[in-house]
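Remarks on the structure that follows.
Both ligands and their constituent atoms are indexed starting at 1 by order of listing.
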Amino acid sequence: MARGPARVRGTQDMIGEQAARFHHVVDTFDRVRRLYGFGRVEVPVIEHTEVFARSLGETTDVVSKEMYSFADRGGDGVTLRPEFTAGIARAYLSEGWQQHGVLKLATSGPLFRYERPQKGRYRQFHQLDAEVIGAAEPAADVELLAMADQLLRELGVADDVTLKLNTLGDAATRDAWRAALVAYFEEHRDSLSHESRERLTRNPLRILDSKEPQDRPIVAGAPAIDDYLGDEARAFFEAVTHGLDVAGVRWEREPMLVRGLDYYRHTAFEFVTDRLGAQGTVLGGGRYDGLIEALGGPPTPAVGWAAGIERLAMMVDAPAVEWVRVALVPLGAQAEAAATGIAAGLRRAGLSCDLAYKGNMKKRMARADASGAAVAVILGDDELARGEAAVKTLATGEQRSVALDQLAEALRAR
Ligand code: ATP
Ligand code: MG
């Protein structure tokens, strides 16, 4: 068979069960975010490059090597979004959404990162995203984490996923911890991977996030943040963990957890699984009180998370197949001419219907049998002339005549 052009490396085409799993994740998120009072937000796929460069940090992997950035035909430097948060923060400022007070927002859609494609890692991938903007209270962190926990429960994957939680403290805490980390890693400089030696001068916290095996034992012995936590930062973290306990959300402390982007403060977390091999993080986020300021706005506290739809879709049980209720099979020229009208009538009456318009009678009946429909409505020219159709229960083969003007009612009653 002629194959035509290939898809772009790292992108995906989906139909059938794979597409159904994907949308099951999105639909479940849409239901859960309503339970928590999060409204939908839509932001562009494309932003000025500086939106990401300024907010994520120039030295992060995403900005330094993963962005799809190009000059458009007018010469503007633009980037396909590699994440949602920066674009939402940009919109918050450019649209004047400050006037709304605390905003609880949810979105989902495609993102682009130039990474090495592998299982659970794509160049066009998709995320669910939830953000609370304008709330400095630990209750906002707790609400977001409870929502993530409920999403995973409703997807049926909660037992295989663990919430790993850390605090990155406030600015003073972070500076003190960072200095201690630099001193420690300097001592072990020669055993660090090449990448981590680079990070040591540019972005030392990122070494904790290193996936290089040779860095792992060194990271395991690094000073933890606890010794540097100021009173306020400690109280904030305690309020979050207490809130999680009260809400019945299980969590584990992970003192070396840092997130891949520069803008996080206080709460940082990941939901991880061992069911997906190397790509074990299904959902990650934290508090990003400094981000909106970095984009030129007023100091604005905010917290959020994002989850990989593909990674969740790989974990969920396949959702029930959505069969049509009715297979409509016209046999004969007049029946065929009338069938589109009958199909439209059934669909307007809320009955899902598949109309067979291809092949001979045998092929059409075979398609009806395979459609998963409970009933076939067989429309012959003779029946049509009498204003009737034959309604066949596909499981039993039992058949009866029904007047066309009572068809929708008769089918609905079944
Ligand atoms: P990783 O450590 O796996 O690279 P990350 O820290 O870069 O993840 P985030 O930016 O926090 O990821 O994105 C949140 C979630 O989005 C991840 O936990 C993951 O589920 C998903 N994700 C990130 N990058 C990809 C990708 N290239 N392909 C598929 N899913 C991804
Ligand atoms: Mg990454």
Selected option - heavy-atom contact closest to atom 15 (C) of ligand 1, from E270, Q127, R259:
Q127
Show, in sequence, the C-alpha distance, side-chain angles and deciding distance for D209 and R259, and conclude whether the salt bridge (charged side-chain N to carboxylate O under 4.0 Å, His left out) test is met.
CA-CA 7 Å; D209 206 22; R259 303 270 310 132; over 6 Å; no
How does K211 reach ligand 1, by side chain, by backbone, by both or by neither, if only non-hydrogen atoms under 4.0 Å count?
side chain
Would you kindly specify which portion of V282 sits under 4.0 Å from ligand 1, judged on non-hydrogen atoms: side chain, backbone, both or neither?
backbone
Proximal ligand 1 atoms for G308, defined as those under 4.0 Å from one of its heavy atoms:
15 (C), 16 (O), 20 (O), 21 (C)
Under-4.0 Å salt bridge between R234 and E238:
no
Where the closest heavy atom to atom 1 (P) of ligand 1 is concerned, which of E310, H126, R121 has it?
R121
Measuring from atom 31 (C) of ligand 1, which candidate in F84, F125, Y122 has the nearest non-hydrogen atom?
F125
Answer yes when E409 and R412 have at least one side-chain N-carboxylate O distance shorter than 4.0 Å, and no when they do not.
no
Cationic tip of R123 above F112 ring, under 6.0 Å, 45° of axis
no
For E232, does the CD atom have more than 12 heavy-atom neighbours from other residues, nucleotides or ligands under 6.0 Å away?
no
State if R113 counts as touching ligand 1 under the rule of any non-hydrogen atom under 4.0 Å.
yes
Indicate yes or no: at least one non-hydrogen side-chain atom of I133 is less than 4.5 angstrom from one of I88.
yes
Measuring from the heavy atoms of E115, does anything fall under 4.0 Å of ligand 1?
yes
